Amino acid sequence: SGGAKGEGEKTIGVALLTRGHVFYRDLEAGLRSEAQKKKYDLVITSAEFDLGKQISQIEDFVTRKVDAIIVCPVDSRGIGPGIRKANDAGIPVFTADITATEGAVVSHIASDNIAGGRLAGEYLAKALHGKGKVAIINHPAVTSVLDRVQGFKEALSAHPHISIVADVNGQGVRDKALQAATDVLQAHTDLDAIFGINDDSALGALDAVEQFRREGVIIVGYDATPPAADAILRATALKADVVQYPTVIGTTTIQTIADFFSGREVPPIVPVQVGIIDKTALEKTANQGAN
Amino acid sequence: MASPLLAMTGIVKEYPGVRALDRVDFDLYAGEVHCLVGENGAGKSTLMKILGGAVQMDGGTIAIDGRQTVINSPVDAQRLGIGVIYQDFRLVDELNVAENIVLGQEPAGYGFLTALDRKAEHRRAREVLALLGESLDTRVSAGFLSAAKRQIVEIAKALSRNVRILVMDEPSASLSDHELNNLFAIIRRLKSEGVGVIYISHRLEEIFSIGDRVTILRDGSRVETGAVQGMDRRTLIRLMVGRELEQEFPKEDCTPGREILRVENLKAGMLKDISFSLREGEIFGIAGLVGAGRSELAHVLFGARSRDSGSVQLNGEDFDPQSPGEAIEAGCGLLSEDRNRYGLILQMNIRENVTLSNLRELVRGLVVDRRSERTVAERFAGQLKIKAPSVEVSVETLSGGNRQKVILARWLFTRSKLLIFDEPTAGIDVGAKREIYLLMNDLVRRGIGVIMISSDLSELLGMCDRIAVMCNGRITGILQRQEATQEAILSLATQFAEAEDYAG
Amino acid sequence: MPAERPTLSRVLSEYGIGAAFVLELTLFSVLSPHFATVDNLLNVTLQTSITAIIAVGMTFVILTAGIDLSVGSIVALSGVLTTVVLRADLPVPLAYAAGLGAGLLFGVLSGTAAGIFVTKFRITPFIVTLALMTIWRGTAFVITEGRPVWELPEGFSEIARARVSFLPLPTLIMIVVFALAHFVLTRTKFGRYVYAVGGNSEAARLAGIRTDRVLIQVYVLSGLLSALSGILLASRVNSGQPNAGLMYELDVIAAVVVGGTSLFGGRGTVIGTLIGSLLIGVLRNGLNLMNVESYVQQVVVGVVILLAVMMDRLRKR
Amino acid sequence: MPAERPTLSRVLSEYGIGAAFVLELTLFSVLSPHFATVDNLLNVTLQTSITAIIAVGMTFVILTAGIDLSVGSIVALSGVLTTVVLRADLPVPLAYAAGLGAGLLFGVLSGTAAGIFVTKFRITPFIVTLALMTIWRGTAFVITEGRPVWELPEGFSEIARARVSFLPLPTLIMIVVFALAHFVLTRTKFGRYVYAVGGNSEAARLAGIRTDRVLIQVYVLSGLLSALSGILLASRVNSGQPNAGLMYELDVIAAVVVGGTSLFGGRGTVIGTLIGSLLIGVLRNGLNLMNVESYVQQVVVGVVILLAVMMDRLRKR
Ligand SMILES: Nc1ncnc2c1ncn2[C@@H]1O[C@H](COP(=O)(O)OP(=O)(O)OP(=O)(O)O)[C@@H](O)[C@H]1O
Ligand SMILES: Nc1ncnc2c1ncn2[C@@H]1O[C@H](COP(=O)(O)OP(=O)(O)OP(=O)(O)O)[C@@H](O)[C@H]1O
Ligand SMILES: [Mg+2]
Ligand SMILES: [Mg+2]
């Protein structure tokens, strides 16, 4: 990099929320593969949940005079000043996964976290036949997670016989989630279900459930990463996962930018489907893949 | 007679397992030098720490000018015009000499944001040092100074304050005669200005040359207070140790054996052309003024500092240790002059400090044999009369002299063939000094070579077979026991001083 | 702590890390065309200002042989408090006075608490400030329920965006804070006492210094400057973020120590800290500009810090 | 470091924090019916074992007046290396030998590197291990591209799940590690040297101790134990997680310091560390059992740590 740019070659700055979670690895992979096709240069940085750092990274992009910026904001409002800086410099900004509420954004490409949480809640309610005790392995320091939990709780509120008996912080990583889930299982011998706010949380909970050999507890995860899908297929306690399609978010984002570069009009919001998958759904897609 | 400047009555201080002071009375008049003597651990420093506000007493009263006062902190003591030179140096290594000297006396006003006048500080520091006949560079950090220089800064620090009561707790322990004379001149001047001076020393001749009255402490109790004039050395010693002490320097003649150390044209740092040799069973003294390079020589021989050129042979083999560990393995030991900085591990207890350099000998299988370790420590503690409740107490709680004995014990336990003692008797009481000399006799008898660096000339003259004199990094002469006199040593010790000063 | 007029060459030789810093600047100038522009350099100072200001307080604390792990949480909670108060229905000038006041006052109170625990209860600073770190972080989350505080009065975000002539205001504040701190440390009684207490607290006490007071003061200073940074950060992101300042303690201590201040107290300078902060700030900026992958960046940052400090040590042999 | 037979009452009075720990146990037993069950208490020791094992190495390092910030990253990278090797197509016993060997060897190498930088280049341990912390973390992410390493051989997860009679294997390993460490510190030459170097390193050197060697050894020990923990953790979560062990350094140092070891070296015990680790582990467990909200938990943890240490200090007056 740094050399003279050829005709048509574009550089895009990417400010990720984190690179420590598989979801963002997939999103990044989507970005990369599509950018490679389009021959764009990607400059990928990660703020690791530090908003100040993320703004600095955007400032560095502005200094570098990149052709476009993709942000997965640490915080929807807080990223405003960074986006405005890019606006001032005339660099188009796109957000992926998490919206920005301030500053001018060309297009937002994401799945809806509240809706995803709702899906998880509805799935559990059905599986529990409207009755039972539920725990959340939470990581309430991140906006997208707060949204998931909000959607989850909304869905459950329609079922008066389901109660949320524990809400513990697993920090979104598998080892800490395992510890938190262990404590929950200790305290609630009659627990029926666990919602993990991402797959590391859900898999940590699964580790705990398996180590306790606790029959009958079901787990719903979020993100449908390969290890989680594998666990679902193996008929473990992890029964279902909310799927976002982070890779698709990634590729769609680059396609949207390509459209924008070529002068086409792009919509302000580009939705990427969310869904929930369980063993049956997974087996079906696997068969389709085989066909 | 007017009421005393200071009257301490019935002072009591307890430490776990020790009654450091037991109803001690002590007074001081303006314009007098009141000496305080006693064996190691008798309670001298503790009494002075109470006066300086460094520790709190458990009972008793203190009156100044006849008025009862309370001293709860060093700040209180300063306000009352009390200045203390503590036995264990209390310098801030990271501050320079001037900053250390004026520490705590920065100008008042505008609260803590008061701007400092650094030029004035250096000027003030140089003035005070000049009184002591010293021309130390005031910009050097205190951490770089040798023990003696630190002592001088410590004295300057106390002198720079306008005090009415000046306490000196063993100010002379690492000073040579030259500095001592300057110190005495100052004390006399202060006396004439009406300052009361409390002077603690284990070098009893100092008591007779500077003291007006003397108080003797033994085991935390006052034994006697009286005029120095009416007292002779023998009585003083008897009152201190509780019995007669025959022959202060019990030198035994011992026929030197093979040569064990040969130093040829050694150069290192400030050291130039050092050549000498040492034979089994010999006590080789090194004399010199402060900063002559004696300690540096010791460190170079011991592998704690690297050398530039020259050769050293130990037992006929080339000896160029790259670390103290190697030197110790080859049978060489060094007792360093600054016990607190370079000797003791203060957090450890007596037992652990004594055995530290020779643990190997106590290891059975994988473990350190605690029982024999304890036996060893107790044996030395007894032999050296270390005053402590047990060998399991932390050395932090020991008096200055007793700490010195611990470090001495460590080297006695290493079974070295060559022992270098740098100021071995600093802060050690007369009784214990004699024990140490007896031990040295014992060592030589076993064929060990001893190098003794000391600023106490009488000790060198009393104990050494030969005495090398150093000045500005060179050996200016080596005297046989018979030809060694105070005058001869002094003239060699100052031989190059002036010439080099001009040259530099 | 000699501090006669610091010329560039004096600074380089005395604050050893300076040479490494100059080398770094040179390298990035060669490697990236975007680096050595006025804009980018101002940009770096702006980015660095937040942690650099905290690093000043940390330098004082570390000089006394203490440590302050609570800085990052103070950043968060002071930002939250300021923004919460700003949202209250107060007339504009009063809202600002109350908001900024609340943030800074909190910093002072936290520092006072730390100082009192350290001096009066003799609890080691590491534990005291670690406890405060988790307490304030938790409080920030409890107050905000985990969501950022936003919809602030129009002008608030202007604080961090304002420029005084060409200098960003945070940069200017950073410069002023460093200049003052340098003066205080090298020229005033308080500064002298900070070194004395850190170098040998028993010696300082015996010299008549009220060491407890000095210690409390340094923690208050650290709290206050962290709160100031917290407010600047809140203005920069135009919101009160309960998770702001995460892990700042490590970044800040790293800057201070890279700058030559000893964790055992008594040795160090704020000029060193400034260079340490900038060295790390420039490194991040330069690597971003050069398009270094973020995982690889971590590796490179670690290696460079090690090399820089090593260069310093080898030169001082 | 007296270490005659430690009876319960001796432990309580000597390791001051012990009283606070007993109080904590009592309180939780009263407050939560789920707490004082054999199952839960074993659970706590299992959970604590990972950080407690690291804390043993950290105790050695801190006793020499050093610090090791790289432990959390070593946990991650050793777990990653072990699992990566396990996935390679090797016959089973060889795969295990190679996998575990790779993880542990990495810990030893990291510790050696730290020790060499600290002793030969005289770089302060804080900087050395901070640099290694970011370097190893970055490396773990580069190797895995940020994804967990999974699909491991069947038996791997059994390591952490195995029980020896009723004791979970990690708990047993923790007990063995503590017992050995206690023995080494109080009974062997090496232990004595660790205290000496931490108490006064120059005096220790002049007493003939090869201080550099001692320092390198403690960092190696810390690296090795961190790697051991990393492997146990990987087995527990049946995968190599590049983000494992985040922030462990603070948790571990907190446990060591709460347990009475001085950050300035020369003072401390592994029994104190064990109590410190358990005190914090039990606290987290108890609060989870009592369903305390996670934000509030943080506040409570901070307050309790402060109170516990304060209790210790007040009692020692
Ligand atoms: N902090 C302490 N804890 C326990 N015991 C102490 C403490 N400080 C002093 N002691 C004890 O008090 C006694 C008196 O000590 P002090 O230092 O006053 O002796 P000293 O007369 O000055 O001896 P020296 O001539 O060796 O300096 C000694 O037995 C010493 O061990
Ligand atoms: N390379 C050097 N060049 C110049 N001066 C040096 C050098 N190395 C050491 N010095 C200084 O020379 C002096 C020699 O000190 P040393 O401790 O060896 O003297 P000493 O005869 O033992 O006197 P003291 O009674 O002060 O211990 C010290 O002040 C030391 O700082
Ligand atoms: Mg004394
Ligand atoms: Mg000397």
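Predicted model only: the values in this text are computed from it and were never measured. Each chain gets a letter, A, B and so on, in the order the sequences are listed, and its residues count up from 1.
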- [ ] Taking heavy atoms only and a threshold strictly under 4.5 Å, list by residue number the residues of residues 280-298 of chain D that touch chain C; give 'none' if the list is empty.
- [x] D:Tyr295, D:Val296, D:Gln298

Task: Most contacts with chain D, counted as non-hydrogen pairs under 4.5 angstrom, among C:Ile123, C:Leu69, C:Thr124, C:Leu263 - done: C:Ile123

- [ ] Of all the heavy-atom pairs spanning C:Phe126 and D:Ile253, show the shortest one and how long it is.
- [x] CZ-CG2, 3.2 Å

Task: Pair listing, salt bridge (Lys or Arg N to Asp or Glu O under 4.0 Å) test, anchored in residues 67-77 of chain D, at least two apart - done: none

Open item on the list: Only pairs of heavy atoms separated by less than 4.5 Å count here; which of D:Pro242, D:Gly146, D:Ser262 has the most with chain C?
Closed with: D:Gly146

Open item on the list: Quick check on the structure: residues of residues 127-141 of chain C within a heavy-atom distance below 4.5 Å of chain D, by number.
Closed with: C:Ile127, C:Val128, C:Leu130, C:Ala131, C:Met133, C:Thr134, C:Ile135, C:Arg137, C:Gly138, C:Thr139, C:Phe141

Open item on the list: Heavy-atom pairs under 4.5 Å with chain D - which of C:Leu250, C:Val258, C:Val301 has more of them than the others?
Closed with: C:Leu250

Open item on the list: So, using side-chain contact (heavy atoms from CB on, under 4.5 Å) as the criterion, who are the partners of D:Glu202 when residues are at least two apart?
Closed with: B:Tyr342, D:Asn200, D:Arg205, D:Leu206

TODO: Could you check which of D:Val303, D:Leu306, D:Val300 has the highest count of heavy-atom pairs closer than 4.5 Å to chain C?
DONE: D:Leu306

Task: chain D interface, residue from C:Ile305, C:Val142, C:Ile67, C:Val304 that has the most non-hydrogen pairs under 4.5 Å - done: C:Val142

